[in-house]
Amino acid sequence: MNKNLKEQVLRSSGVNVLKCMRCGKCSGTCPSYDEMEYHPHQFVYMVEKGDIDTLMNSNSVYKCLTCFACVERCPRGVEPAKVVEAVRLAAVRQQGSNHLSPVQIPDMLDEDLPQQAIVTAFRKYAK
Amino acid sequence: MQVNDNNFQPVIVAFCCNWCSYAGADLSGTNRLNYPTNVKIIRVPCSCRVNPMFILRAFQKGADGVIICGCHPGDCHYTSGNYYTRRRITLLYSMLDFLGIERNRTRLEWVSAAEGAKFAATMQQFTEDVRKLGPNRRLEDLRCRKQ
Amino acid sequence: MQETMIKRAKELLADGTVSRVIGWKKGEFAYDTTPAVFETAEELDRDFAFDDFTAANVSKYLVKESRKEGKILAFLKPCDTYSFNQLIKEHRVIRENVYIIGIPGGPKLDAEKIKAKGITGILGIKNENYTLKIETLYGTETMPFYEAICGKCESCKSKKHVIYDELIGEDGDILDSNRFDTVEKLENMTAQERFDFWREQLSKCIRCNACRNVCPACTCEKCVFDNPKSGIENKAASDSFEENLFHIIRAFHVAGRCTDCGECSRVCPQNIPLHLLNRKFIKDINELYGEYQAGADTVSRSPITDYTPDDCEPSVVHERGVE
Amino acid sequence: MQRIGVFVCHCGTNIAATVDVKAVAEALSHEPGVVISQDYQYMCSESGQNLVKDAIKEHKLTGVVVCSCSPRMHENTFRKAAASVGLNPYLVEIANIREQCSWIHKDIATATDKAVILGKAAVAKVHLNAPLTAGESPVAKRALVIGGGIAGIQTALDIAEAGFDVDIVEKKSTIGGKMAQIDKTFPTLDCAACILTPKMVEASQNEHITIHSFSEVSEVKGFVGNFTVTIKKKARYVDEVKCTGCGACVEKCPMKKVPNEFNEGLDNRHAVYIPFAQAVPKVATIDPNYCMMLKNGKCGICSKVCTAGAIDYKQQDRFIEQKYGAIIVATGFNPINLDKYDEFAYNQCPDVVTSLELERLMNAAGPNGGTLLRPSDKTHPHTIVFVQCVGSRCDDEKGKPYCSKICCMYTAKHAMLIREKYPDTEVYVFYIDVRTPGKNFDEFYRRAVEQYNVHYIKGMVGKVTPKSDGKIDVQASDLLSNEQLHINADMVVLAAAIEPDKTARPLATMLTTQMDTNDFFTEAHPKLRPVESATAGIFLSGACQGPKDIPETVAQASAAAAKAIGLLVKNSITCNPCVAHSDELLCNGCSSCEKVCPYGAITYQDKEFRMPDRTTAIRRVASVNPAVCQGCGACTVACPSGAMDLNGFSNSQIMAEVDAICK
Amino acid sequence: MKTFTYYPGCTLRTKAKDLDAYARSCAEALGIALEEPADWQCCGGAYTTAKDEIATKLSAVRTLNAAKQAGNPLVTVCSACHNVIKQTNYDISRDEDMAQKVNNYLKLDEAYTGETTVYHYLEMLRDVVGFDNIKSKVTKPLKGKKIAAYYGCLLLRPAKILAMDNPENPTIMEDFIKAIGGTPVIYAQRNECCGGYITMEDKAQAVKRSSAVMNSAADMGADMVITACPLCLYNLKKNSGSQIPVYYFTELLAEALGLKEDTNE
């Protein structure tokens with residue numbers, strides 16, 4: 001249990017994970033569920049337990065689309081997407097932990113790809 | 001004039017109606033919700049029992065803040081008592097404001113029997129507000145001051 | 001005007017319609033015309049006066065007078081009729097025992113304002129085309145009429161009689177008065193300025209009770225301030241808060257009932273603008289609960305004994321004006 | 001000279017842990033008039049009470065102050081103790097040093113200081129207490145039950161059984177309520193109609209029971225034992241007495257496209273209707289929103305076919321006034337509106353239904369005659385998904401924060417019934433928790449799983465996608481296998497949260513009873529007085545007080561009846577003596593007090609008075625009817641002269657408390 | 001004529017010029033003046049919900065403040081920009097701590113605390129212009145066209161903040177389709193994510209998501225799909241493998257208003 005990290009994630013997300021009643025609706029609604037190793041309800045529960053390193057090291061943090069379906073549908077107002085974002089930020093803010101670097105970009109481009117995708121990806125994956 | 005004396009302990013009189021707010025105060029006790037000891041509660045059957053005389057009397061005798069709590073409008077045990085309270089107290093508070101008494105020394109809050117948490121939070125906030133204002137600058141007579 | 005009134009009063013006495021007349025009589029000086037009851041034609045001829053100094057509101061006397069044997073004739077100025085109506089609403093006067101003749105209102109004069117000009121030894125005062133010719137022991141002085149009128153007449157709210165049995169002269173209209181200007185000015189001051197203003201004013205109070213005794217709304221059988229059982233009785237101030245408590249409670253007790261006749265300030269020997277307290281309540285009532293004029297009728301419910309479920313909360317006080 | 005005794009309670013450690021009770025007793029012993037000041041471990045215990053009683057006798061006390069828990073807890077206890085040894089009970093005052101002191105403060109020094117001040121205030125008040133004697137007021141021997149569901153019916157039957165007259169006011173055209181719509185009941189699976197309809201008939205035939213169907217309470221005045229209620233009998237355009245319930249009008253009515261509320265809108269009824277075959281009273285009702293005759297005067301067929309001549313297009317709402325001693329609220333519940341839960345596609349897909357709709361779909365008297373068919377295409381569903389907790393246990397503005405309590409059991413029932421009748425149908429239940437506290441309840445749920453192979457999946461449905469082929473894709477989480485499922489379903493059943501009926505809130509205002517934030521009526525005590533409201537004479541029956549299943553509802557209904565009977569058997573009840581009174585010598589007769597009195601307790605008389613100058617004068621003075629006055633005190637503030645004062649909370653008493661606190 | 005401050009956003013200047021051009025020509029035809037602020041910056045594409053993120057919110061606040069200075073409401077047409085700006089505006093008006101930090105950075109003459117009203121172009125059409133009004137101005141109605149509105153995630157959620165429509169059963173685009181003469185197609189995936197920026201990280205996932213959306217629309221018989229977001233358009237066109245055409249809603253609006261030829265040159 002990493003107490004400091006847990007506090008940082010709670011503060012940064014502004015989410016009260018204790019409100020979760022473990023219904024799993026977030027995971028029932030998540031469009032990225034199958035791509036994730038840890039699912040939205042697990043994010044909430046593992047942050048509560050303080051098991052944050054595991055989440056930070058998992059590819060799951062980069063699979064969340066921030067589509068807010070879990071936020072909108074959570075019956076307890078827990079906002080799992082904000083927890084995911086806080087964990088992802090905790091990961092990419094570490095020195096040299098950017099998930100996306102500018103040198104990768106040219107290979108990803110095609111003629112129609114909107115700028116929006118690039119700036120959003122950088123905002124999500126890098127610091 | 002604001003006095004930021006942290007040691008200042010204001011005297012606060014709270015009038016609570018028997019049916020909602022007094023029960024709400026009891027509930028905040030039952031739930032062990034803390035609020036400052038400065039608050040002393042006087043039980044009245046209904047907020048409409050609170051005569052402006054009582055409020056002025058409190059200020060006369062040294063109170064630094066007066067708060068009245070009653071049932072939410074529409075929920076009065078006596079149907080309409082708190083509606084009269086609302087008019088009377090609005091006018092009285094407006095008059096006290098007109099006379100230069102700080103607005104935060106007087107308050108009217110609706111607290112139901114179920115709102116123990118609201119009662120405690122209200123009392124905490126009110127005490128804090130009054131504490132910030134410092135001791136009540138009473139409506140004293142200038143002639144007395146000169147002597 | 002005075003002659004017409006005396007003539008009509010004598011007629012009503014003679015035909016038995018009334019047994020007494022309430023009006024004003026001449027005083028020792030030219031400016032101290034005071035309310036009086038007359039029972040005979042002789043008394044009327046000798047003492048009855050109606051001049052520029054008949055500002056006093058006689059309606060309060062009718063609380064007692066209307067309960068006596070026989071009917072009484074009352075001469076009421078427009079502002080006085082509001083007070084009388086309000087007393088009817090509160091069952092304080094017996095309407096059937098009063099014969100009301102509506103008479104024209106002011107502006108009336110305030111002797112204090114003449115004296116304030118340094119004019120002393122007054123023997124007689126004449127109004128010539130709105131210039132006052134003042135005969136004094138030391139010769140004749142002049143001053144503009146409007147500089148000497150009563151405070152209450154400066155912001156006259158109505159020239160209309162709201163109740164009467166007959167009229168002498170013509171009825172007027174409800175005026176668009178500026179009576180809330182001073183209240184508004186005070187409201188726009190800072191809390192400290194208001195505090196200082198009222199400290200200054202209320203500290204002058206000598207608790208002579210003139211304001212209460214003259215007030216047509218203060219007709220309690222026994223005033224709480226005179227009643228040892230009330231818990232707030234106090235003839236002499238026990239502490240420096242006392243006078244304030246008296247004036248606030250008094251204003252609150254007449255809130256929704258005060259017709260804004262202005263008698264309290266007129267009679268105050270210390271010139272405290274007490275009417276501003278009453279007007280503050282009237283202004284708040286008008287703004288928060290809708291326009292209401294006490295005494296305009298005899299049936300409507302006073303706003304303070306009324307409510308609507310969606311009345312404003314007291315926090316409205318915090319949202320208005322200046323802290 | 002007053003002789004006052006002060007008694008400081010430790011309440012075990014509840015008070016003594018944070019308040020130095022000995023110091024409080026010692027401090028108060030120096031207050032004027034105090035002749036004895038003691039502390040004791042449990043003042044409310046018998047020996048504690050004896051301590052008080054002995055002191056009253058020994059010291060000839062004229063006033064008692066008990067520093068203890070809230071007066072809402074034990075004021076009566078100590079008043080009775082005082083009365084038992086001859087001290088007027090209203091000479092006892094309580095200083096609340098537990099709920100409003102020891103329990104909320106942590107620092108012993110400041111808490112003790114506060115307790116002393118609260119004690120001083122009580123001593124100051126008791127100095128001015130006057131002995132009061134409670135008056136009596138008569139009890140009207142008739143009860144009113146508001147709501148004619150199973151709760152209201154049971155309460156009415158029990159009260160009638162005791163021999164008292166009782167009226168049921170039901171807003172719908174028949175009694176029966178929600179239970180009449182239900183197919184089978186858990187955990188016994190017996191037919192709801194078979195056990196309900198005999199009770200409905202019994203109610204209609206009981207000589208003590210009057211049923212006002214299609215009626216509403218429009219005004220309530222008075223107080224316990226003495227309520228005056230105005231009942232609005234809504235125009236049904238059919239003479240209830242003449243109508244035989246033959247149904248000829250219904251058959252011939254040409255307006256056939258009216259959504260049938262009884263079947264939750266799953267089929268249609270006529271503009272003139274009898275909700276169901278066993279309706280009580282079995283009387284037709286014309287729906288003015290659809291009747292052509294009432295809308296534009298063109299039709300009149302029902303009137304022509306009615307041999308009893310019962311149709312009356314000119315009928316108006318009628319108002320009747322009745323006196324009651326007790327009122328029982330049984331306004332029941334409704335499922336919530338699911339507009340905010342469109343991730344479940346309730347508004348887009350007819351095959352997504354609520355559980356109550358499913359009851360009708362499965363009921364023999366329902367739209368499909370008891371065969372479970374999909375509403376969209378009337379085909380037999382092979383895969384059905386149940387979703388639990390739709391709108392229950394929510395912490396957002398869409399749903400309700402509470403557990404609706406009945407859903408777990410009725411869902412198990414539905415699942416079981418479907419599997420029993422249609423073994424080829426797969427049933428999935430998505431649950432968060434399965435809550436089955438109740439006799440034979442968990443066994444019932446286990447049977448659904450073990451005997452009927454219902455698939456219970458711990459998880460929640462996230463998205464329901466209706467498809468063009470009529471199938472429904474249900475996307476959900478399975479938390480135990482940690483996977484996201486897609487079930488290709490034919491029907492989805494949503495266990496919608498239940499909420500109090502919308503008429504409850506305005507009714508509570510009329511009755512001056514309290515409600516919680518969810519609009520459930522608040523009971524007088526959550527544990528010890530569960531069927532009484534805090535307002536004397538108003539009792540609570542069934543789901544209006546909180547979610548309940550049928551057995552619990554019936555239990556509470558009978559309990560409420562017992563409480564009401566306890567009131568009705570009395571010939572009179574003791575009045576609260578803490579009422580207003582007017583000092584005639586001070587009264588101006590100005591009517592201010594009369595205007596603010598909510599009970600009309602104040603009247604005026606012209607009385608003759610001797611004046612100080614030995615003359616007599618007639619004055620108009622107020623007097624208060626102590627049986628009608630409820631003691632709110634509104635009049636006391638309206639009175640400028642201070643003539644009007646309140647027993648037990650007089651101006652001088654309250655000011656004495658203010659002085660003691662501010663000193 | 002009502003004036004709005006108009007924020008096009010980066011993509012409308014490059015890959016989504018059509019979206020921009022049609023938005024401008026239609027606004028003019030509908031009596032709305034769009035004023036672009038002098039120098040705007042990219043909004044960042046996604047709102048960072050983290051409470052300790054300040055720098056990523058500055059550009060949105062600059063835009064909001066530009067509208068406040070101009071005294072206009074702010075309108076955006078790209079769903080992503082709209083989402084970022086509206087969420088920023090919501091938070092800055094409620095989160096005092098954040099407002100203070102942001103204002104400390106920006107050093108504006110007067111602190112910005114959420115005074116600007118933010119509209120999406122669709123909201124402007126519904127609430128300011130009025131769909132009935134549009135209907136009356138349509139010269140070439142899209143009669144017989146079965147059009148599926150694609151909301152995606154950004155336009156509706158979080159519903160409490162965007163306050164645009166019912167997030168689970170929206171009607172604004174369907175009403176728009178009716179106004180331009182088309183027939184709306186309701187399908188369940190219209191408010192589910194297209195995959196968004198994941199196309200950079202995980203093509204397969206983007207393919208999966210956008211296929212799900214397009215299949216759902218096709219299943220319900222759509223002739224075409226409309227969207228307000230360039231990234232959605234990209235995913236639905238490029239990654240879904242579907243043959244159903246995808247348009248910006250502004251393009252159809254321009255077509256219905258008879259403006260398409262003028263702007264397409």
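To find a chain, count down the sequence lines: A is the first, B the second, and so on, and within it residues start at 1.
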Portion of C:Asp310 that has a non-hydrogen atom of chain B nearer than 4.5 angstrom:
backbone
Name the one of C:Lys157, C:Arg279, C:Lys152 that satisfies salt bridge (Lys or Arg N to Asp or Glu O under 4.0 Å) with C:Asp260?
C:Arg279
C:Ser300: side chain to side chain donor-acceptor pair (under 3.5 Å) partners, not counting sequence neighbours:
C:Lys89, C:Asp297
Quick one: of B:Thr106, B:Leu108, B:Thr90, B:Asn51, who has the most non-hydrogen atom pairs under 4.5 Å with chain C?
B:Thr90
Residues, nucleotides or ligands: over 12 heavy atoms within 6.0 Å of C:Tyr61 OH:
no
Compute the ring centroids of B:Phe119 and B:Tyr35, then answer whether they are less than 6.0 Å apart.
yes
Among the options C:Pro303, C:Ala255, C:Ala251, pick out the one with the most heavy-atom pairs lying under 4.5 Å from chain B.
C:Pro303
At a 4.5 Å cut-off on heavy atoms, which part of B:Pro73 comes close to chain C: side chain, backbone, both, or neither?
side chain
Does the structure place the NZ or CZ of C:Arg199 under 6.0 Å from the centre of the six-membered ring of C:Phe195, at an angle of no more than 45° from the ring's axis?
yes
Honestly, the part of B:Arg107 sitting under 4.5 Å from a heavy atom of chain C is neither
Applying a strict 4.5 Å limit to non-hydrogen atoms, the region of C:Thr308 in contact with chain B is both
